[in-house]
Amino acid sequence: MTIVLGFEGSANKIGVGIVQDGKVLSNPRRTYITPPGQGPGMGAPLLSVAIVARTVAQLWKKPLLGVNHCIGHIEMGRLITGALNPTVLYVSGGNTQVIAYSERRYRIFGETIDIAVGNCLDRFARVLKISNDPSPGYNIEQMAKKGKKFVELPYTVKGMDVSFSGILSYIEDVTHKMLSSGDCTPEDLCFSLQETLFAMLVEITERAMAHCGSQEVLIVGGVGCNIRLQEMMATMCKERSAKLFATDETFCIDNGAMIAQAGWEMFRSGQATALQDSWITQRYRTDEVEVTWRD
């Protein structure tokens, strides 16, 4: 029996999860919520949580494992949904990647070349002064459900990669003018932005599926709990006779259990992180990790 305590603190959330041999025993999480129009600010959350993890490991004389954030999302998604070998769409406030497993690595087939999709949504929420409670992306999703008019926005897919900065710059520039003239409502803009961004994500995911011969899609990351994104991806999967796997906010949003689950997978394959090697990095790419626990 192996019990793993996972600490997550990469942005504006703190989560502590407990996993026992692939079973989630506890997964509490708290989120720092800022006033409307402001971002949470990164500060040094990674450093703070790493200090706690190192301290606990030494006090209790237990092995320490450094976990890649994206790998945590993927392994938790695989655990909860039962997906076997999916093409993964990882979408959050800091990352946008299309990933597939091959030869002991999670290979990145496509990604954003500038800002992440969640960052694009969050920054547009500041333009409209949308509340950050519980999150700007969630509130945009609810407003988008009331949108009636589609406003054409830039659509930028470059091969397997996407670009969101141009869309954001455009919509930031036209929002005040269009709302003042009555051409559209805030809800229309939320609807239009979601539809455009998500169509781009579905396109590159489908292209990766075709390349890999995959019949499964797994959506992970905080933006992955958006119902509209799941609906659009499900439509594509149905047309390809493929399966879609996704989770709700319990496991899509950053949480400690996902770190514990990835740590459990690493530990049972013989990995451990020496104290002197337990530094942190904000540039730890998904494909840098050797996946020793998968065939």
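Fair warning: this is a prediction, and the values are worked out from it, not measured in the lab.
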If you compare all heavy atoms of D161 against all heavy atoms of G110, which two are closest, and at what distance to 0.1 Å? OD1-CA, 3.4 Å
Here the pair of heavy atoms bringing G17 nearest to A260 is O-CB, 3.8 Å
With a 4.5 Å cut-off on side-chain heavy atoms, are Q58 and R54 touching? yes
Side chains of P154 and I167: does their closest heavy-atom pair fall under 4.5 Å? yes
Smallest separation among heavy atoms of L193 and C120, with atom names: CD1-SG, 4.5 Å
Please step through side chain to side chain contact (heavy atoms under 4.5 Å, CB included) for the pair K13 and E8, ending with a clear verdict. CA-CA 8 Å; K13 297 175 181 65; E8 158 58 28; 5.7 Å; no
Does L5 belong to the same Ile/Leu/Val/Met/Phe/Trp/Tyr cluster as M258, with side-chain heavy atoms less than 4.5 Å apart forming each link? no
Does atom CZ (F267) have a neighbourhood of more than 12 heavy atoms from anything else shown, all under 6.0 Å? no
For E203 and Y155, does a side-chain donor sit closer than 3.5 Å to a side-chain acceptor? yes
Distance in Å, S214 OG paired with K243 NZ, rounded so as to fall on 0.5 Å steps: 11.5 Å
Are D133 and S131 linked by a side-chain donor-acceptor pair shorter than 3.5 Å? no
Between F198 and V223, is a side chain to side chain contact (heavy atoms under 4.5 Å, CB included) present by the stated rule, with each step listed? CA-CA 10 Å; F198 295 168; V223 180; 4.2 Å; yes
N85 and R294, any side-chain heavy atoms less than 4.5 Å apart: yes
Measuring from L189:CG to F150:CZ, what's the distance to the nearest 0.5 Å? 11.0 Å
Say you draw a straight line from CG of N68 to OG1 of T281; how long is it, rounded to the nearest 0.5 Å? 10.0 Å
Under 4.0 Å between a Lys/Arg side-chain N and an Asp/Glu carboxylate O for K148 and E187? no
Using the rule that Ile, Leu, Val, Met, Phe, Trp and Tyr join whenever any side-chain heavy atoms are under 4.5 Å apart, tell me whether V88 and V202 fall into a single cluster. no
Please tell me whether I18 and I259 are part of a single hydrophobic cluster in this structure, the criterion being side-chain heavy atoms less than 4.5 Å apart. no
Just wondering, are more than 12 heavy atoms of other shown residues or ligands nearer than 6.0 Å to CZ in F7? yes
Start with the C-alpha distance between M232 and E195, add both sets of side-chain angles, then the distance that settles side chain to side chain contact (heavy atoms under 4.5 Å, CB included), and finish with yes or no. CA-CA 9 Å; M232 294 173 69; E195 294 295 302; 4.2 Å; yes
Look up atom CD1 in I115 and atom OG in S169, then write down how far apart they are to the nearest 0.5 Å. 7.5 Å
Contact between F245 and E216 at the side-chain level, heavy atoms closer than 4.5 Å - yes or no? yes
Do T55 and V52 come close enough that some side-chain heavy atom pair is under 4.5 Å? no
Working to the nearest 0.5 Å, report the span between CD of E290 and CE of M266. 10.5 Å
Does one hydrophobic cluster hold both V4 and I71, with members joined at side-chain heavy-atom distances below 4.5 Å? no
Test log, rule side chain to side chain contact (heavy atoms under 4.5 Å, CB included), inputs M76 and V220: CA-CA 9 Å; M76 178 53 70; V220 300; over 6 Å; no
Quick one: does I74's side chain get under 4.5 Å of Y101's, heavy atoms only? no
Do I130 and C190 have side chains that approach each other closer than 4.5 Å (heavy atoms only, starting at C-beta)? yes
Minimum heavy-atom distance I253-H73, with the two atoms named: C-CE1, 4.3 Å
Do S181 side-chain atoms and M178 backbone N/O form a donor-acceptor pair below 3.5 Å? yes
What I'd like to find out is whether the side chain of W293 reaches to under 4.5 Å of the side chain of Q271, using heavy atoms alone. yes
Distance-only donor-acceptor check, side chains R107 and S102, under 3.5 Å: no
Output for pair (N119 CG, T96 OG1), nearest 0.5 Å, gives 9.0 Å
Nearest atoms (heavy-atom pairs only) where V217 meets M236: CG2-CE, 4.5 Å
For P28 and V16, the nearest pair of non-hydrogen atoms, with its separation, is CD-O, 2.9 Å
Backbone N or O of T185 within a donor-acceptor pair of the D188 side chain at under 3.5 Å? yes
Report yes or no: do Y138 and V127 belong to one cluster of Ile/Leu/Val/Met/Phe/Trp/Tyr joined by side chain heavy-atom distances under 4.5 Å? no
Between N95 and Y90, is any side-chain donor less than 3.5 angstrom from a side-chain acceptor? yes
